[in-house]
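Reading through the C-alpha cells given below for one structure.
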Protein chains: 2
Amino acid sequence: MQLKPEYKERLDRALARTGLRPTKQREHVFSVLLEKLDHPTADDVYARARADMPTISLATVYNCLETLSASGLIKQVNFEREPTRYCPNLTAHAHFYCKESGEIEDIELSDDIINRLKAALPKGHTAHRIDIAFDGKCGGCHDGED
Amino acid sequence: MQLKPEYKERLDRALARTGLRPTKQREHVFSVLLEKLDHPTADDVYARARADMPTISLATVYNCLETLSASGLIKQVNFEREPTRYCPNLTAHAHFYCKESGEIEDIELSDDIINRLKAALPKGHTAHRIDIAFDGKCGGCHDGED
DNA sequence: ATAGATAATTATAATAATTCTAAATCCAAA
DNA sequence: TTTGGATTTAGAATTATTATAATTATCTAT
C-alpha cells in the first residue's frame with residue numbers, strides 16, 4: 001500500500017522529532033493501520049504487512065508498532081488479558097469490546113467527561129494517559145436475543 | 001490468616017451461588033487479598049499465601065483468583081502489558097498507576113460520572129464492565145521534582 | 001557519489017505470565 | 001464407607017512479547 005502524502009509527511013515529521021529514521025517498514029506498518037481501522041493485534045498487522053512486503057519480520061512489526069506509538073502516531077489498546085491492539089485514531093476516545101461478536105468500537109468522549117474524570121484524581125496527581133475500556137454486548141448482538 | 005466470620009460467610013454464599021465448593025485454599029487466597037489492599041499480582045499472592053500454607057501451588061493461586069473473580073468477590077485490574085492484579089474493593093472505582101513509585105491507588109468514582117460514561121455508548125450497547133486506568137505521576141512523586 | 005558511523009531489520013532464542021494436563025486428593029452425598 | 005465429581009498439585013505447554021547478534025539500510029560528511 002502507498003501512504004498518502006499527507007500521512008507520509010506526518011510520519012516523517014513525527015520520526016524526525018525524536019531522531020528516528022523513516023524506513024520502508026515503518027511506513028508500511030503505518031499504512032496497514034490506516035487502511036483498515038479495526039484494531040488489529042501485532043499478529044494481524046504482521047499478516048497484512050506481509051501481503052505487500054513478504055520479507056518483513058514479526059520482530060520488525062513489533063518494533064515499528066513500538067516506534068509509531070512512541071512517536072504519538074498510533075495508540076495501543078489493551079483488553080483484559082488479550083494481546084495488545086493498535087489504533088491510529090488519536091482523538092480522546094474509549095473502546096467498546098463486544099465479546100460476542102469480537103468487534104471493537106471507538107467511543108468518542110467529550111472534553112467535559114475527560115475533565116470530570118481528571119477531576120476525580122487526588123490533588124497533585126497528574127494523568128499522562130487515561131485508558132477506558134467497556135466490555136459488553138453491542139446492539140447487533142442484542143437483536144434476536146435468545 | 002484467619003478469615004473474619006463476616007468474610008467467611010460472604011465467601012461461602014458467593015461460592016454456593018455458583019455451585020462451587022468452599023476450600024481451604026480459596027479461603028486463604030481470599031484472606032491474603034483482604035489483608036493487604038495493595039493490588040498484588042498472582043505471584044505476589046502466591047508468595048504471601050505460602051507463608052501460612054507452604055504447600056499451595058501457583059496453579060491453585062491462579063485457579064482461586066479466577067474463581068473469586070467469577071464469583072464477584074474480587075476484581076481483576078489490568079495495566080498496559082503488565083501482569084494482572086487483584087483487588088477486593090467492589091465499589092465502582094478507577095485505578096491510578098504511578099509509574100515512578102509503582103504505587104496503585106483506587107480512585108472512587110461517582111455514579112454520575114459512571115452514568116455519563118455509559119451514556120456515551122451507542123444505543124443498544126450494554127456495558128457489563130468498565131475499566132478505567134490512569135497512568136501518571138502521583139502527588140508524592142511531583143514533590144521535589146527535578 | 002562514497003565511506004564510515006549509526007540505526008534498523010532479520011531470524012531466532014529467551015522470557016514472562018498464564019493456561020493446560022493428568023494424576024492424586026479431597027469433599028459431599030448415598 | 002464407598003463413589004463420583006470437584007479441586008489441587010506439579011510440571012509441561014502456550015502465547016505474547018522482548019532480547020540477541022549478525023546483516024543490511026540509512027545518514028552525514030567528505
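All values derive from a computational prediction rather than experimental measurement. Chain identifiers are assigned alphabetically (A, B, ...) following the order of the sequence lines, protein sequences preceding nucleic acid strands; residue numbering begins at 1 within each chain.
When each of Ala42(B) and Ile56(A) is assigned the nucleotide of DNA chain C with its nearest heavy atom, Ile56(A) is the one assigned upstream, toward the 5' end. The residue among Tyr46(A) and Arg81(A) whose nearest nucleotide of DNA chain C lies closer to the 5′ end is Tyr46(A). The nearest heavy atom of DNA chain D to Cys64(B) and to Asp43(A) marks one nucleotide each, and the one closer to the 5' end goes with Cys64(B).
Arg85(A) pairs in a side-chain contact (heavy atoms from CB on, under 4.5 Å) with only one of the listed residues (Val45(A), Thr41(A), Asn78(A)), which is Thr41(A).
Thr41(B) comes within 4.0 angstrom of nothing in the nucleic acid, heavy atoms only. Looking at heavy-atom distances under 4.0 Å, Thr23(B) makes contact with sugar-phosphate atoms alone, never a base. Within the 4.0 angstrom heavy-atom criterion, no nucleotide atom of any strand lies near Thr67(A).
If you take CG of Leu58(B) and P of dA10(D), they are 11 Å apart, rounded to a whole angstrom.
Listed candidates were dT18(C), dT17(D), dA10(D). Nearest to the side chain of Thr84(A) is dT17(D). Picking from dA16(D), dT9(D), dA8(C) the nucleotide with the shortest atom distance to the side chain of Asn63(B) gives dT9(D). Listed nucleotides: dC27(C), dT18(C), dA11(C). Nearest to the side chain of Pro83(B): dT18(C). Nearest nucleotide to the Gln25(A) side chain, out of dT17(D), dT10(C), dC20(C): dT10(C). Ranking dA10(D), dT12(C), dT17(D) by closeness to the Ala59(A) side chain, first place goes to dT12(C).
With hydrogens and angles ignored, a donor-acceptor pair under 3.5 angstrom links the side chain of Arg21(A) to the base of dT26(D).
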Determine whether Asp131(B) and His95(B) satisfy the following criterion, side chain to side chain donor-acceptor pair (under 3.5 Å), listing intermediate values before the conclusion. CA-CA 9 Å; Asp131(B) 262 359; His95(B) 290 98; over 6 Å; no
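In this structure, Arg50(B) forms a cation-pi arrangement with Tyr46(B), its terminal cationic atom sitting closer than 6.0 Å to the ring centre and no more than 45° off the ring axis.
The hydrophobic clustering, which links ILVMFWY residues whose side-chain heavy atoms are closer than 4.5 Å, places Ile107(B) and Tyr86(B) apart.
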